[in-house]
Every structure is written in C-alpha cells, then in structure tokens.
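What follows is one structure encoded as structure tokens, with my remarks underneath.
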Amino acid sequence: MTQERDPAFVRFAGIEKKYGRVVAVKPMDLEIPEGSLVTLLGPSGCGKTTLLRMLAGLETPTQGDIYIRGKRINDTPIHKRNLGMIFQNYALFPHKTIFENIAFGLKYRGVSKTDMQKKAEKALETVRLPGVGNRMPSQLSGGQQQRIALARAIVIEPDVLLMDEPLSALDENLREDMRREIDNLQQQLGVTTIFVTHDQREALSMSDKVVVMKDGFIQQQGTPEEVYNNSANHFVADFLGHSNFMVAVVGEKKSPFLEARLADNTLCLVSPAEDFAAGAKAEIVIRAQKMTLGYKTDFTRQAEMNYFFGKIVDRSYMGGEVSYFVELAQGQVLHVINFVKRAPYRRGDEVYIQVDPFHCRLLAP
Ligand SMILES: Nc1ncnc2c1ncn2[C@@H]1O[C@H](COP(=O)(O)OP(=O)(O)OP(=O)(O)O)[C@@H](O)[C@H]1O
Ligand SMILES: [Mg+2]
C-alpha cells in the first residue's frame with residue numbers, strides 16, 4: 001500500500017507497548033477513518049490510555065508504527081503532532097483566566113494577539129460559553145470547566161481530538177448532556193476523534209465505531225449495532241449490556257436455525273454466530289431485553305419460539321423498565337428486563353420466558 005492511498009486517517013500498525021514485563025498493549029492494528037468518532041472501550045487496565053498516549057507522543061511504542069494521513073509519526077515530537085487532548089481531570093491552569101487557558105496552545109503556533117482573541121471567542125461560542133473569557137476556572141462549574149477543556153482542545157484546529165474519559169468526573173445527568181454535546185460538536189466540526197471510556201452506554205450512544213479491548217488486545221471492533229447485536233465472544237457480549245449465557249451442545253440444523261441442547265436436556269433453536277459441528281460444545285447468549293415474561297398459568301406454546309420456566313426470585317424497578325431474576329428448575333438464574341407495562345410480576349410468581357431463536361445467539365465457548 002502506498003502512503004498516499006492509506007484510507008485510514010490514523011493507523012496503528014503492529015503497535016505494542018511494554019512496561020518492563022507488563023504488556024499494556026499487545027501488537028495490534030487499528031484504523032481510524034477520517035472524520036469519525038471512534039471509542040476505545042474496555043475495563044480498567046486494558047490499555048486504552050496507553051494507546052492514546054502513544055498517538056499523542058507521550059509514550060514510545062515498544063514496536064510498531066503510527067501513521068496520520070499516511071505519514072509515519074513515530075519520530076514526530078509531541079508539539080508537532082497537532083492533536084487536541086482532553087483528560088479526565090479537567091487540567092485547566094487554575095491561575096490563568098479562561099481566555100489564557102484556551103489561548104495557551106495558540107501561543108506556540110505563532111498566532112497573533114488579535115487572532116488569538118478571535119479564535120478563543122469562537123471556541124467559547126462553539127462550546128456554548130460565550131463571554132466567560134475573563135473568568136477564572138474556579139468560577140465555573142465542573143461541566144463548564146470540561147467545556148473549556150474542549151474549547152482549548154479544538155481551538156488549535158487539531159488533526160485528531162483525543163479524549164480520555166473526559167466525562168467521568170461529572171454526575172450522571174451532566175454526563176449525558178455533555179455526551180450529546182461532544183457528539184454534536186464532533187459532527188459539526190467533522191474532526192477525527194478518539195474517545196476513551198469504560199462506560200458502554202457512552203460508547204454505544206456516540207460512536208461511529210466501537211473498539212472493545214481487554215488485556216491490551218482488541219476483542220472486537222465495529223459499529224455500535226454490530227458489537228452489541230453480533231458480539232464476537234463471551235467477553236464482548238458480557239461487557240455490553242446485560243447478557244445471559246447458557247451452556248449447550250450443538251444439535252441438528254433447522255434452517256435458518258440450529259438446535260442446541262441445554263444441560264437439562266431442553267432443546268432450543270438458536271442462531272449460530274459461526275459454523276458449528278453437531279456435538280460441539282457452545283454457549284447461547286441471550287440479551288435480558290430480548291426475553292418476555294408471562295404467567296405460567298397463561299402459557300400457550302407458539303411454533304419456533306424458545307421457552308424456559310421458572311420462578312421470580314428478585315425484581316428491581318428501574319423506572320420505565322423492571323429487572324427480573326428468574327430461577328429455572330435446573331438452578332440457573334436468568335436476567336430478564338421488560339417494560340413496566342408488561343411487567344406486573346412479583347417475587348415468587350411462577351412464570352414462563354419466551355424468546356425468539358433469532359435472539360439466541362450461539363457462540364463458541
Ligand atoms: N507508566 C507505567 N508503568 C508501568 N505500567 C504501566 C504504566 N502505565 C500503564 N501501565 C500498565 O499498563 C496497563 C494498561 O494501562 P492503561 O492506563 O493503558 O489502562 P486503561 O485501559 O487506560 O485503564 P483505566 O480504564 O483504568 O484508565 C495496566 O496494566 C497498567 O498498570
Ligand atoms: Mg486510562
């Protein structure tokens with residue numbers, strides 16, 4: 001591939017980072033398309049920050065290459081990489097005014113005083129905080145300070161915007177507002193953005209592409225719908241949303257489905273995520289939201305549906321939805337989430353669970 005033709009705006013090629021014996025990022029390839037918002041999602045310690053820091057030039061890769069617009073940047077110093085960065089703790093300079101905070105990155109780019117003023121004002125308007133330039137950071141709320149950090153990152157018109165858990169210090173409601181604001185702003189500016197989070201809702205709600213990581217390794221990457229609906233493995237299915245797992249043995253083909261036998265001999269119809277041989281051990285994954293409950297006394301079987309029978313052992317009201325825990329005769333407890341309207345069940349009620357084979361995905365164990 002010639003460098004000019006590289007379709008990725010940012011490309012990590014065989015990138016690896018070791019700290020002594022700790023492998024923070026295992027050799028991986030990753031492409032960030034131009035103008036997209038890509039999230040790195042994964043549990044604590046999986047290497048998200050390390051990957052960002054290597055792109056930013058704050059860490060040196062142990063091996064591998066990083067390209068921006070097809071140009072290898074491994075040896076490009078930090079200040080020449082033209083990246084906007086926002087970190088978890090707002091990290092505004094407390095003794096500088098908001099204006100000085102925003103203009104900080106412009107100083108080193110040889111921008112004139114009047115242009116600085118104009119650009120900073122425009123950045124403040126973009127983050128919807130016009131006119132606060134003369135205030136000190138302490139005179140703004142946490143959410144406002146984070147918007148200033150955003151203004152400071154975009155004022156330099158970066159090639160790539162890097163955000164490392166920028167919302168984690170904010171309370172839930174504010175987070176949601178900010179999430180939408182960052183999403184809108186990113187689309188408006190069209191700036192290529194890498195957003196780090198360990199919050200799956202954050203990742204699913206704002207990304208063009210989600211990169212799910214674990215132990216320094218990419219588990220799966222794809223659109224939010226792909227990684228959620230077609231999770232590649234147990235870890236991804238478990239990390240995104242609420243999943244139930246049932247051990248099964250693969251049976252015969254019942255096109256378009258496959259039969260799978262559970263430990264208690266129940267036969268289910270499932271949708272295989274890959275090719276399986278009859279007799280192979282596998283695992284059925286079912287999302288908590290994809291199952292519906294009914295009173296056992298009202299049960300009537302419909303063709304091509306899967307059923308489980310059990311007893312409600314716990315319920316929790318979540319406003320709009322109710323979370324149920326249903327213990328099956330064989331002892332496994334399934335998590336079912338139903339809308340309040342169709343969910344009048346109480347602890348101790350005998351129920352059936354109905355689930356479409358389409359929503360029973362069969363994965364390798
Ligand atoms: N400077 C360092 N020296 C030694 N080990 C490090 C260093 N920085 C990170 N690590 C290790 O590398 C691994 C990846 O760390 P990293 O900070 O990239 O994780 P993360 O995905 O950002 O986690 P979190 O969600 O907690 O921020 C961890 O095991 C961490 O302990
Ligand atoms: Mg981190």
Side-chain angles (χ1 to χ4, degrees), residues 10-32 37-66 68 73-74 77-78 81 83-92 142 145-146 149-150 152-153 158 160-172 174-176 178-179 182 186 192-207 209-222 224 227 231-241:
V10 177
R11 172 187 301 280
F12 294 94
I15 204 78
E16 182 195 45
K17 180 65 186 178
K18 288 185 193 164
Y19 295 104
R21 301 229 306 272
V22 178
V23 188
V25 171
K26 295 182 182 143
M28 66 163 74
D29 298 323
L30 179 61
E31 292 178 15
I32 314 289
L37 193 159
V38 173
T39 47
L40 306 180
L41 172 70
S44 187
C46 72
K48 307 179 294 292
T49 296
T50 305
L51 201 54
L52 268 202
R53 288 175 61 85
M54 287 193 285
L55 178 57
L58 297 163
E59 298 287 353
T60 310
T62 311
Q63 58 164 318
D65 299 306
I66 306 176
I68 296 182
I73 58 150
N74 288 48
I78 300 176
R81 294 193 184 194
L83 306 171
M85 284 182 268
I86 305 177
F87 295 103
Q88 182 168 353
N89 42 349
Y90 328 119
L92 297 179
Q145 289 184 42
Q146 201 57 321
L150 191 55
R152 185 173 64 180
V160 189
L161 194 54
L162 308 180
M163 300 200 241
D164 194 352
E165 312 226 14
L167 308 180
S168 54
L170 306 177
D171 69 48
E172 186 57 34
L174 195 52
R175 272 176 89 126
E176 204 157 324
M178 279 297 289
R179 199 184 293 162
I182 289 175
Q186 192 271 335
T192 308
T193 302
I194 307 181
F195 188 98
V196 166
T197 181
H198 56 249
D199 182 332
Q200 43 121 351
R201 275 173 310 167
E202 221 159 85
L204 293 175
S205 65
M206 58 197 298
S207 319
K209 174 155 108 172
V210 180
V211 179
V212 185
M213 295 173 61
K214 183 196 171 208
D215 298 336
F217 211 75
I218 296 177
Q219 299 287 316
Q220 185 175 10
Q221 47 177 311
V227 294
S231 301
N233 59 38
H234 183 110
F235 175 79
V236 177
D238 201 25
F239 198 74
L240 299 176

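Just so you know, ligand 1 is whichever comes first in the structure, and atom 1 is the first atom listed for that ligand.
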Fill in the blank from the handout: To atom 19 (O) of ligand 1, the nearest of Ser168, Gly20, Gly47 on a heavy-atom basis is Gly47
Problem - Main-chain N/O of Gln221 paired with Lys209 side-chain donor or acceptor, under 3.5 Å - result: no
Practice task
Could you tell me whether the side chain of Arg179 reaches within less than 4.5 Å of the side chain of Asp199, counting heavy atoms only?
Solution key: yes
Exercise for the section: Decide yes or no for Val25 and Thr62: does some side-chain heavy atom of the first lie under 4.5 Å from some side-chain heavy atom of the second? Expected result: no
Practice task
Look at ligand 1 and say whether Glu165 reaches it with a heavy atom at a distance under 4.0 Å.
Solution key: yes
Practice task
Considering only non-hydrogen protein atoms, determine which one is nearest to atom 22 (O) of ligand 1 and report residue, atom name and distance to 0.1 Å.
Solution key: Thr49 OG1, 2.7 Å
Problem - Test item: Phe239 and Val227 side chains (from C-beta on) under 4.5 Å apart, heavy atoms - result: no
Exercise for the section: Output, in order, the C-alpha distance, side-chain angles, deciding distance and verdict of side chain to side chain contact (heavy atoms under 4.5 Å, CB included) for Leu55 and Ile73. Expected result: CA-CA 8 Å; Leu55 178 57; Ile73 58 150; 4.1 Å; yes
Exercise for the section: Would you mind checking which non-hydrogen protein atom is closest to atom 12 (O) of ligand 1, with the distance to 0.1 Å? Expected result: Ala24 CB, 3.2 Å
Handout entry: For Arg53, all residues meeting salt bridge (Lys or Arg N to Asp or Glu O under 4.0 Å), sequence neighbours excluded
Key = Glu59
Exercise for the section: Return yes or no for this condition: an N or O of Glu59 is under 3.5 Å from an N or O of ligand 1. Expected result: no
Handout entry: Validation row: Thr192, Val38 side chains within 4.5 angstrom (heavy atoms)
Key = no
Fill in the blank from the handout: The side chain to side chain contact (heavy atoms under 4.5 Å, CB included) partners of Asp29 (sequence neighbours excluded) come to Ala13
Handout entry: For Asp65, salt bridge (Lys or Arg N to Asp or Glu O under 4.0 Å) partners two or more places apart
Key = Arg72
Fill in the blank from the handout: For atom 23 (O) of ligand 1, the closest protein heavy atom turns out to be Gly45 N, 2.7 Å
Practice task
Please check if the side chain of Lys17 supplies one atom and the backbone of Leu51 the other of a donor-acceptor pair under 3.5 Å.
Solution key: no
Problem - Tally of protein N, O or S atoms, where distance to the Mg ion (ligand 2) is under 2.8 Å - result: 1
Handout entry: Arg201 and Glu176 ion-paired at < 4.0 Å
Key = no
Handout entry: Distance filter under 4.0 Å to Thr50 heavy atoms, resulting ligand 1 atoms
Key = 14 (C), 15 (O), 16 (P), 18 (O)
Practice task
Can you pull out the closest protein heavy atom to atom 25 (O) of ligand 1? Residue, atom name and distance to 0.1 Å, please.
Solution key: Lys48 NZ, 2.7 Å
Fill in the blank from the handout: min-distance protein heavy atom vs atom 9 (C) of ligand 1 -> Tyr19 CE1, 3.4 Å
Practice task
Examine ligand 1 and decide if any of its atoms is less than 4.0 Å from a heavy atom belonging to Gly42.
Solution key: no
Problem - atom 26 (O) of ligand 1: the protein heavy-atom neighbour that sits closest, reported with distance to 0.1 Å - result: Ser44 OG, 2.5 Å
